[in-house]
A.B. asks: 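Sharing a structure here in structure tokens format.
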Amino acid sequence: MMRRPFTYRGLGAGLRVCAAMVPTADRDRWLEEWRAELWHALEGEGAWSAARRVLGAPRDAIWSRRPTRLDTPTPPGSPRRGLDALMQDLRYAVRSLIRRPGFTITAVLMLAVGIGTNAALFGAINNALLEPLPWSEPDRLLALYEDRPHQEGRDRNSLSLPDIDDWRSRSTTLESLAAFSFAIMSYTADETTPVSLVGTEVEWEFFKTLGVVPALGRDFSAADDEPGAAGTVMLSHGLWHELFAGDEDIVGRDIVLDGEPRTVIGVLPDGPAYYFNSRLWVPLRLDPAEQHRGNHRFRAIGRMHAGATIESTRADLDTIARDLEAEHPDNNVGHYAAAYAFQGEITRDISGSLWIVMGLAGVVLLIVCANLANMQLASALARQRETAVRLAIGASRRRVVTMVLVESLVIALVAAGLGFVLARVVADVALPPPPWQVGATVDGAAFGFAVILAIGTCVIFGLAPAIRLAGGDVFQAIRDGGRALGNGRTGVRGLLVATEVALAVVLVMGAGLLLRSITALTEVEVGFRNHAAVAAKVDLPPASYPEAAQRNAFYRQLVDAVTALPGVEVAGTSDTLPMAGSTSHSTFRIEGREAPENSDEWSSLRHIVAPGYFEAMEIDLVRGRTLEWSDNEDAESVAVINEDFARQFFPDGDPIGERVNIWGDQWHRIVGIVRGVRHYDVRVPTAPEVYFPTEQVASPPFAWVVFRQSSADLDLAPAVRAVVAELDAGLPVSSVFPVSTLVDRSLRSTQRLGRIVGAFGTLALVIAAMGLYGVISYSVGQRRGEIGLRMALGSTAGKVVGLIVGQGMLLVGAGLVVGLVIAWLGGPLIASVLYGVEPTDLVATLGSIGTLAVVALLASLLPALRASRIDPAGSLRAD
Amino acid sequence: MSQPRITYPGACVLQAVARGCRYGFDIMDFAGLPSGTVYPILRRYEKLGLLHSDWEQTDDAHAKGRPRRRNYALTADGEAALERAAERFALHQRIFAPEEAQG
């Protein structure tokens, strides 16, 4: 045996490792050949050079696995063959897309917009509606109300504190229960102007019930909630950063709220808005035993015992409600308990709109898919000859379909990536959290959704062109040099454009209906004409103004001082403002009439106002008189009612001169009737209202001072603040704003929805126009010969334009008809967000038909004009 | 049957074999290409029928005390392919022409 040198053995071992990659049948030969060459090189050139030569061995081993054209083909169906083919298709698709940058960029961008919008909305829906709230066992949380089945639309009434207390003590299904009530609070930092903050007054078990533990400090204790306890406050994470720069030592510090010093006991963790974007929480400090059972001003949350269900809790609370009805017939007759899953409740206002927007975004995506299918089809037709050759030399139709699908998949996946980035932008820009309460989170789930959408859309927009291409007559295509499928008829592509138009009609119609709703809402008579009236809230600390007489004196001075300001025409006060979120309801009696068995049947909105309020707001007087300063404690007690009150409770007689009673034995004579004011929302019709003069009732410790300016341009906020400071330097004045902002806020959700759907509609129009333009242009290209012939035979340019535009409008017409049918059938789905218009509204219908017709006309006019300039002789020669 | 496509390195390898280089490393030296390029070309062209190869006689190798080498030669198809390649690559002609004159 030959002696083998060390270098040979070392390099030989390397060769053996490489040989493992060589197919078994060739391995021995491969290894022997390399060894021989290695030996030869070692002898002639030395170790270093031999080693360098052997460096090529791994590459040779890898290449030995690659098929050459004369290889025995891998048996069909073997996974390697499938994978090789897929890799080949992928490379082909990428190369082919790079060669057509215009097509690729348009397709990717269009699809990215479609996928991005859908992913952003999925993020919002997933975050708000599908994902459980990030608190301890959120499915055990309930929102609790009082249901009054005999009063229409009153299934979510506020509760009274004594009722809540009885529910707490008697319920067997609720682990804990806490009442709460919203409040606007003024925060005054040292020597600065007070700022108003949305807050919540809560019973001490509120956070324990929610399952939220403060991030800093401690939770409320029973002692904090005792009547007369020292003031405490819990801050939201956001407010802590905003006002106190995230100061770690904030716990234990005193801050002044509504003129009262309160100790900060804790800061909540960062997270979702704890119910209506509250910024801070203070204990109620009320004794239920001293509260009136008719004072319905609280809402409640409850946490069920493990094992209890919503149904069992409802049954349990209803039993308690029936007992209370028997125990308190004067207040609780017909009051049932209502319990709803908490998550559903906090997203109730937005879930409908979110699903509608998501549905419409889906429609946008479908339009994008139809358009992409169209573009793919056009590009497939252009490559028809190439495909025909592939089929002729033995490629299977399945392979051709796969190739087109792989190309679509590449587009879709790139678009999904881009769409995901876009979704983050859309979520930040178009869906800011406050009105939705819960923001959109574009996270992994949304990305997964984008990828699923991409794969789904790729099948939708890739399959039709692929089948169409693979189904063409191969030999005809070769004979015609690639023109076999184009005979001037638009075929499948026309059908796709008609689909795009149909879907665009749905979106444009939706946008039109929302626009009409917004117009209708802005035209609603809200009951007061002076939207430019300015309001400022003043809070009187109970410590400084314990007596009603003191408060009344202050209000009178305030109104006088504000009225005296230059530029102020008239001023008054009220304890409520329309659409400001706070209303007071009271049951009443009418003199000389027997009260109804159920006292709730006689209930009304109640306002306590100072003279001048009606004039400042321009609430029209219908009959009688409004309130005057002479309506004071020495004069006869009076009241002003609205038209709804008169209509509902005095249907046959004249209410003026009649007397009503709300408090104790005090009867108020009705002296005037005014127009009804929409107090809840622009959408909610007026309800019975009664106004009392401040000086004849127990005036509340806060009031909105409302005044009419001689010109809307004046900024009287500093002057009003100065007036208040002059009367009492320590008094906080929350922000001064025109009442129109309250009306605008009430319109905001509809306007936002309108803007989103309007953007969708515009996008749909542009895409549909692009699709139509593409198809008509293509058809003109195919019909050059025919058009040339027509013109040679005497057809005028005008007739040619008519012919081509007519072809386009035929597609649009078909799409319009189908689209209108879909829009009408789908109308009830969006009826819930409409106001003052029917889903089949004629103006919106005609408007969307007109818009689409004009856009379609423009899109088909361009290729038509080009067709009219065809040189007959040239085109005939070319054919 | 369609003609196999000859790449530029492929033409160099064919040219080397035509000039009498019979073994892998010799072909590398002649063509100035690394082994990782030359060997895959040899394998491919052999499968395509442009080259054929066989082992040198065992006795010969044993006499010299080394393993047997594999030697390569052009087939008729290989010669035709080389001609086509020479037409296609003008530079190739210029590189190899002087040697041809000398040979």
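In what follows, chains are A, B, ... by sequence order, proteins preceding strands, each numbered from 1.
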A.B. asks: Is it the backbone or the side chain of A:Leu38 that comes under 4.5 Å from a heavy atom of chain B, or both, or neither?
C.D. replies: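 Only the backbone of A:Leu38 comes within 4.5 Å of chain B.
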A.B. asks: Given side chains that start at C-beta, do those of A:Glu37 and B:Tyr23 come closer than 4.5 Å, heavy atoms only?
C.D. replies: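 Yes; the side chains approach each other to less than 4.5 Å.
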A.B. asks: Heavy-atom cut-off 4.5 Å, strictly under: side chain, backbone, both or neither for B:Pro34 against chain A?
C.D. replies: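 No part of it gets close to chain A.
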A.B. asks: Taking all heavy atoms of B:Gly36 and all of A:Arg59, pick out the closest pair and write down the distance.
C.D. replies: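 Looks like O-NH1, 3.4 Å.
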A.B. asks: Verify whether the ring centers belonging to B:Tyr39 and A:Trp34 lie closer than 6.0 Å.
C.D. replies: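 Centroid distance B:Tyr39-A:Trp34: below 6.0 Å, so yes.
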A.B. asks: Quick one: which of B:Asp29, B:Ile41, B:Val38 has the most heavy-atom pairs under 4.5 Å with chain A, could you say?
C.D. replies: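 It is B:Asp29.
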A.B. asks: Run the salt-bridge test on A:Glu32 and B:Arg69 with the 4.0 Å N-O cut-off and return the result as yes or no.
C.D. replies: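 B:Arg69 and A:Glu32: not salt-bridged.
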A.B. asks: Report the residues that fulfil side chain to side chain donor-acceptor pair (under 3.5 Å) with B:Ser53, sequence neighbours left out, ordered by chain and then residue number.
C.D. replies: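 For B:Ser53 the side chain to side chain donor-acceptor pair (under 3.5 Å) partners, ignoring immediate neighbours, are B:Glu46, B:Arg70.
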A.B. asks: Any donor-acceptor pair under 3.5 Å linking the side chain of B:Ser35 with the backbone of A:Arg53?
C.D. replies: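 It does hold such a pair.
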A.B. asks: Once you round to the nearest 0.5 Å, how far does OG of A:Ser64 lie from NZ of B:Lys47?
C.D. replies: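 Spacing of OG (A:Ser64) from NZ (B:Lys47) equals 7.0 Å.
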A.B. asks: Between atom CG of B:Asn71 and atom CD of A:Glu33, what is the distance when rounded to the nearest 0.5 Å?
C.D. replies: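 Separation between the atoms: 9.5 Å.
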A.B. asks: Roughly how far, to the nearest 0.5 Å, is the CG atom of B:Leu42 from the CH2 atom of A:Trp63?
C.D. replies: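 It comes to 13.0 Å.
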